[in-house]
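Everything numeric here is computed off the predicted structure, so don't read it as measured data.
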Amino acid sequence: MQLYLLLALSILFAASNNLLLHKFANRGLDGLSGVLFFNAMISVVWIALLGITAAMTGGLRLDLQSVGWGALYGSVTAAFLLCKMQAMALGPVSLTSFIGCASLLISTGFGVIVLHEGASVMQTIGVVLLMLALYLVVSPKNDQAQKSWKLWCGAFFVCSASVGIIFKLHQRSSAAENINGMMFSAAITSAVILTLLSALTAKGRKLPKPLPKSVLPYLLGCGLVSCLYNRLNIFLAGSLPSVVFYPLFNGSVILLSTLCGVFLFREYLKPPQTVGIIIGAAALMLASGSADKLIALL
């Protein structure tokens, strides 16, 4: 039960991150360079939070394995953010969002097939239904997209799935207990890479344009909740079966973010989205194993 409470917290933090980014809408940022620099500063917030936590708990352990895992995770995170931004800019936002969510199939499949975690028939049906539900919720349209969109989407899909796989493998390594050290190394790696990319894409300048003061509340808010939910997810990836963790987390974040958009931002739900939310709720119950437990009781 405690693991599912932690999962619920992670979902709330991740949905909060989506809502903050939606409210922010990149206002005041200097194009792609500004977005990259904003995300670099998110990593700096992670460094500060993890550093404060280390000071309060007696230090930060940076062994070779944790630094290595952190460098890998930080590099993939930087690539993930770049590919996501480019894919979002070049093609339909709704369909791109669905492709990012669909990466849970790879993460889940890796756990079931490669790590032999197992999945019941009902859970497998739940994952399939969840993909259908998410497809309906994001309401993909046949908008025209630039040719390079497919390449960026493919890279976005791979990076998104890779993050989940890295979490799983890290939690099966000898560095599993040192999550803070791994995240600290990842934050430094991501901050450096994203700052360099921001400088390279800054038009007519050698350095990224400083962020305006109006960005600060969103920077701190997004930095805090993203650090918290990723910290929880690394632990949960090693504690819950893939067929439970990835569908529940990804599916719940999308469904909760959509519902919050309706109630907080007065967004309109189309009929397919309403059907998708209903199917999604049932799919999450199946994927979590709740249906199997109910059948066993009967």
For the hydrophobic clusters of this structure (ILVMFWY residues joined by side-chain heavy atoms under 4.5 Å, transitively), does one cluster hold both [X] and [Y]?
| X | Y | value |
| --- | --- | --- |
| I278 | M131 | no |
| Y246 | Y4 | yes |
| L264 | L21 | no |
| L3 | F167 | yes |
| I106 | V128 | no |

Closest heavy-atom pair and its distance - [X], [Y]:
| X | Y | answer |
| --- | --- | --- |
| P247 | V127 | CG-CG2, 3.7 Å |
| L49 | C227 | CD1-CB, 4.0 Å |
| I234 | M182 | CD1-SD, 4.1 Å |
| R27 | K23 | NH1-O, 2.9 Å |
| W69 | A175 | CD1-CB, 4.2 Å |
| C222 | L20 | SG-CB, 3.7 Å |

Q: Kindly determine whether V35 and L81 satisfy side chain to side chain contact (heavy atoms under 4.5 Å, CB included), including the steps that lead there.
A: CA-CA 9 Å; V35 173; L81 291 170; over 6 Å; no
**Q.** Close aromatic pair by centroid cut-off 6.0 Å: F38 and Y218
**A.**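 Centroid separation for F38 and Y218: 6.0 Å or greater.
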So, [X] side chain and [Y] main chain: donor-acceptor pair closer than 3.5 Å or not?
| X | Y | answer |
| --- | --- | --- |
| T77 | Y73 | yes |
| Q273 | V137 | yes |
| S190 | A186 | no |
| T108 | L105 | no |
| S173 | H170 | yes |
| Q86 | C83 | no |
| N178 | G181 | yes |

Measure the spacing between [atom1] of [X] and [atom2] of [Y] and express it to the nearest 0.5 Å.
| X | Y | atom1 | atom2 | value |
| --- | --- | --- | --- | --- |
| T53 | M183 | OG1 | CE | 9.5 Å |
| L32 | T201 | CG | OG1 | 4.5 Å |
| F37 | L211 | CZ | CG | 5.5 Å |
| I179 | L232 | CD1 | CG | 9.0 Å |
| I254 | C101 | CD1 | SG | 3.5 Å |
| L136 | I277 | CG | CD1 | 10.5 Å |

Within-4.5 Å side-chain heavy-atom neighbours: [X] and [Y]:
| X | Y | answer |
| --- | --- | --- |
| V163 | I166 | no |
| S160 | F80 | yes |
| V244 | P241 | yes |
| L286 | Q123 | no |
| T124 | V243 | no |
| F24 | L29 | yes |
| L82 | W152 | yes |
| L130 | L134 | yes |

Q. Checking side chain to side chain contact (heavy atoms under 4.5 Å, CB included) for the pair R61/N180: CA distance, chi angles, key distance, verdict?
A. CA-CA 8 Å; R61 183 162 55 90; N180 287 349; over 6 Å; no
More than 12 foreign heavy atoms under 6.0 Å from [atom1] of [X]: is that the case here?
| X | atom1 | result |
| --- | --- | --- |
| L64 | CG | no |
| L196 | CG | yes |
| M285 | CE | no |
| F265 | CZ | yes |

Is there a donor-acceptor contact under 3.5 Å linking the side chains of [X] and [Y]?
| X | Y | answer |
| --- | --- | --- |
| W46 | S226 | yes |
| D63 | S66 | yes |
| S75 | T189 | no |

Q: Take L6 and F235, measure what side chain to side chain contact (heavy atoms under 4.5 Å, CB included) needs, and give me the verdict at the end.
A: CA-CA 10 Å; L6 292 176; F235 169 73; 3.9 Å; yes
**Q.** Chi angles and distances behind the side chain to side chain contact (heavy atoms under 4.5 Å, CB included) call for L269, T258
**A.** CA-CA 9 Å; L269 274 183; T258 301; 3.7 Å; yes
Counting only pairs under 3.5 Å, give me each side-chain donor-acceptor contact of residues 8-19, with atom names and distances, residues two or more places apart or in other chains.
| unit_1 | atom_1 | unit_2 | atom_2 | d |
| --- | --- | --- | --- | --- |
| S10 | OG | N233 | OD1 | 2.5 |
| S16 | OG | L12 | O | 2.7 |
| N18 | ND2 | S257 | OG | 3.2 |

Q | Residue list, salt bridge (charged side-chain N to carboxylate O under 4.0 Å, His left out) with K168, at least two apart or on another chain | A | E117
(Q) Taking side-chain contact (heavy atoms from CB on, under 4.5 Å) as the definition, give me every residue that meets it alongside A54, ordered by chain and number, with sequence neighbours left out. (A)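 So A54 forms a side-chain contact (heavy atoms from CB on, under 4.5 Å) with L60.
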